[in-house]
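Naming: A, B, ... by sequence-line order, numbering from 1 per chain.
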Protein chains: 2
Amino acid sequence: MCGLMKLGLNLSFAVKRWLDPVQLAGMVKNDFGVEHVQFTWDLIDPWWPDEQRDIMIDQYKQAFESEGIEIDATFGGLASYSFAHLLAPSKVQRDIAFLFFKRAIDMTVRMGGKVMGTPVGGMSYDDARDLSRRKKLYEEMLAYLRALAKYGKIKGLEEIHIEATPLITEFPHSPEVCIKMMEDLEGTDIPIRLLVDWGHALYKPLLKEEADIELWFQKCAPYIGSIHLQQTDGLLDRHWDFTHEGGIVTPELIKKATTEAGLDNLTQYLEVVTIFEEDDDKVYEGMKKTMDYLHKELGC
Amino acid sequence: MCGLMKLGLNLSFAVKRWLDPVQLAGMVKNDFGVEHVQFTWDLIDPWWPDEQRDIMIDQYKQAFESEGIEIDATFGGLASYSFAHLLAPSKVQRDIAFLFFKRAIDMTVRMGGKVMGTPVGGMSYDDARDLSRRKKLYEEMLAYLRALAKYGKIKGLEEIHIEATPLITEFPHSPEVCIKMMEDLEGTDIPIRLLVDWGHALYKPLLKEEADIELWFQKCAPYIGSIHLQQTDGLLDRHWDFTHEGGIVTPELIKKATTEAGLDNLTQYLEVVTIFEEDDDKVYEGMKKTMDYLHKELGC
């Protein structure tokens with residue numbers, strides 16, 4: 001049913017709403033027409049005790065397998081993004097984050113996913129404004145990622161994808177920083193690649209004239225492993241569905257930017273994040289309309 | 001420096017921004033003039049391994065003690081709110097949540113806090129729309145809370161505060177449901193009381209004519225243990241600071257509603273939640289202006 005582009009889905013829309021694995025898998029396959037998903041850690045927290053966590057992992061794995069859906073990756077969600085992780089000011093917290101990401105790798109492999117993906121964390125006010133601290137934390141973060149690649153290889157993971165975020169207090173946050181970071185991570189035990197999110201790449205307040213998806217895709221193409229699709233106005237990190245007014249992401253731009261950068265072989269996972277108090281039926285309706293629209297307009 | 005009303009602060013504003021305990025304690029005391037705080041689980045995740053978590057708890061405890069600030073409570077934040085917890089559809093996940101809240105009690109007691117507070121979780125789409133499932137999950141949630149009160153008493157906790165949220169898929173979400181739930185929880189080993197959040201109580205899309213703080217305070221007064229203060233327009237759960245345009249929470253209303261319900265003895269903790277991509281300096285500036293304004297206007 002697909003053309004060149006690949007449309008996938010991050011399960012973020014389901015958080016606190018559709019929590020039955022069988023029902024969710026059926027919705028993803030039959031209502032949204034999707035066969036490739038990223039499983040979000042907002043549905044299963046990597047910290048949960050192994051024995052209970054594994055029961056839930058196996059339920060999702062089986063439900064999605066039964067529908068013929070591939071869980072390509074597991075990916076950090078809103079809960080995980082609330083912590084400073086590998087860029088925290090204290091070594092104790094960075095070590096905790098290292099353990100957290102190892103647990104996320106365990107979860108990914110057990111779920112049958114090939115990729116573990118996440119932003120790496122964020123710097124505190126002071127660290128972000130101190131060039132020598134930025135450099136030190138950056139180098140240490142690279143070392144943690146190399147160790148995670150080593151751990152991932154042993155466990156059977158295939159790739160790690162690092163998400164670029166729209167914050168100067170995080171790495172990476174611009175095409176240039178992405179390229180540098182990917183170059184610095186060459187030769188890891190399993191490949192570490194880049195996830196570019198449309199809404200982050202189009203975030204004008206930080207990026208100014210670099211808030212240009214064609215620039216991002218063309219500069220970063222050799223390093224991009226997957227893509228997050230969202231509707232946005234470029235003024236905040238919206239994660240809107242495509243029924244929202246005021247969006248600047250058009251099917252024409254998606255096709256043009258992707259094809260011209262030679263990225264048609266990658267999966268673009270729609271990642272919709274709603275406010276908690278939004279009505280479930282409205283969320284579903286927005287998702288259904290969005291997926292129908294994207295399938296039709298993108299020809300995939 | 002205070003009149004009758006007590007102004008406290010939830011540390012939510014500091015998440016991913018001010019992560020040095022000593023600096024944060026100094027800011028809270030000297031810049032914001034506050035001596036009573038709720039520590040948010042977005043700064044320390046109750047799941048973190050005990051040994052490392054306890055190092056961080058002790059650092060915060062010592063820093064805040066040195067400034068003469070009381071950590072009255074620890075409270076669930078954005079990360080924790082991303083999960084369905086005690087109202088999840090699967091028993092496995094509800095049991096995981098029970099363990100999570102026990103860990104939060106451990107963390108609270110070690111930090112010297114007297115109160116552990118949180119929303120209880122959320123129901124899935126199907127459960128929320130099935131009256132018999134709602135009743136069953138509600139009853140089971142009460143049983144978990146009774147067991148948490150028992151555990152808390154053993155550990156030396158003094159109270160548990162349950163936050164009312166603006167979602168029909170969660171308990172409690174209206175004055176009536178609050179009263180029922182508090183009545184159902186009478187006689188627990190330590191008291192379980194109610195936290196009312198201004199923005200949740202004023203959320204018009206759900207509450208309609210019950211989006212009235214005077215109604216909430218007067219009906220729920222006997223059960224309220226603490227209060228979250230935020231600026232809001234009543235259209236979404238904003239958690240704005242008080243510099244924001246379009247807010248409907250005025251100092252006059254705060255004073256009138258609080259005094260008339262006989263709640264002047266309770267602490268109202270400002271809980272500001274910003275988007276992650278907001279600039280640190282702007283967050284600080286908004287917090288500073290807000291705290292100066294509230295101290296002046298509330299006379300506390």
Side-chain angles (χ1 to χ4, degrees), chain A residues 14-21 23 41-49 52-53 55-56 59 77-84 88-90 92-93 95-96 99-100 121-129 165-170 200 203 205-206 236-237 275-281 283-284, chain B residues 14-21 23 41-49 52-53 55-56 59 77-84 88-90 92-93 95-96 99-100 121-129 165-170 200 203 205-206 236-237 275-281 283-284:
Chain A
V15 170
K16 282 181 100 180
R17 303 182 193 277
W18 293 284
L19 301 178
D20 172 39
Q23 181 192 43
W41 306 347
D42 285 347
L43 289 173
I44 297 180
D45 187 337
W47 281 125
W48 290 352
Q52 290 157 300
R53 187 190 66 179
I55 292 171
M56 292 186 65
Q59 288 169 346
L78 188 63
S80 169
Y81 193 55
S82 303
F83 298 99
S90 97
V92 174
Q93 190 173 345
D95 284 344
I96 292 170
L99 178 61
F100 176 68
M123 285 174 280
S124 68
Y125 181 92
D126 291 272
D127 285 345
R129 283 153 186 81
T165 61
L167 282 80
I168 191 76
T169 57
E170 304 190 355
H200 303 177
Y203 182 61
L206 173 69
L236 287 172
D237 182 19
I275 51 166
F276 290 110
E277 60 268 31
E278 185 60 280
D279 175 67
D280 292 340
D281 286 317
V283 173
Y284 175 84
Chain B
V15 169
K16 283 182 100 180
R17 303 182 192 278
W18 294 284
L19 301 177
D20 173 36
Q23 181 192 43
W41 306 347
D42 285 347
L43 290 173
I44 297 181
D45 187 338
W47 281 125
W48 290 353
Q52 291 157 300
R53 187 191 66 179
I55 292 171
M56 293 186 65
Q59 288 169 347
L78 188 63
S80 170
Y81 194 56
S82 303
F83 298 99
S90 97
V92 175
Q93 191 173 346
D95 283 343
I96 291 170
L99 178 61
F100 176 68
M123 285 174 279
S124 68
Y125 181 92
D126 291 273
D127 286 346
R129 284 156 185 79
T165 61
L167 281 82
I168 191 76
T169 57
E170 305 190 354
H200 303 177
Y203 182 62
L206 173 68
L236 288 172
D237 182 18
I275 51 166
F276 290 110
E277 61 269 30
E278 184 60 279
D279 176 66
D280 292 340
D281 286 317
V283 172
Y284 175 85

Would you mind checking which part of B:Glu170 comes under 4.5 Å of any heavy atom in chain A, side chain (CB onward), backbone (N, CA, C, O), both or neither? side chain

What pairs with A:Asp126 under salt bridge (Lys or Arg N to Asp or Glu O under 4.0 Å), at least two apart in sequence or on another chain? none

With only heavy atoms counted, which part of B:Phe100 is less than 4.5 Å from chain A, the side chain, the backbone, both or neither? neither

Mind checking whether B:Asp45 and A:Trp47 have side chains closer than 4.5 Å, heavy atoms only? yes

Contacting moiety of A:Gln93, where chain B heavy atoms sit under 4.5 Å: both

Salt bridge (Lys or Arg N to Asp or Glu O under 4.0 Å) filter on A:Asp127, not counting sequence neighbours, yields A:Arg133

Can you tell which part of B:Leu236 gets under 4.5 Å to a heavy atom of chain A, answering side chain, backbone, both or neither? both

Which pair of non-hydrogen atoms, one from A:Leu43 and one from B:Phe83, has the smallest distance, and what is that distance? N-CE2, 4.4 Å

Are B:Met56 and A:Ile96 side-chain neighbours, meaning at least one heavy-atom pair lies under 4.5 Å? yes

Under 3.5 Å, is there a donor-acceptor pair between the side chain of B:Lys16 and the main chain of A:Thr169? no

For A:Tyr284, is it the side chain, the backbone, both, or neither that has a heavy atom closer than 4.5 Å to a heavy atom of chain B? neither

Would you say B:Pro89 and A:Asp20 make side-chain contact, with heavy atoms under 4.5 Å? no

If I measure from the heavy atoms of chain A, does B:Ile55 come under 4.5 Å with its side chain, its backbone, both, or neither? side chain

Measure B:Val15 against the heavy atoms of chain A and call it side chain, backbone, both or neither at under 4.5 Å. side chain

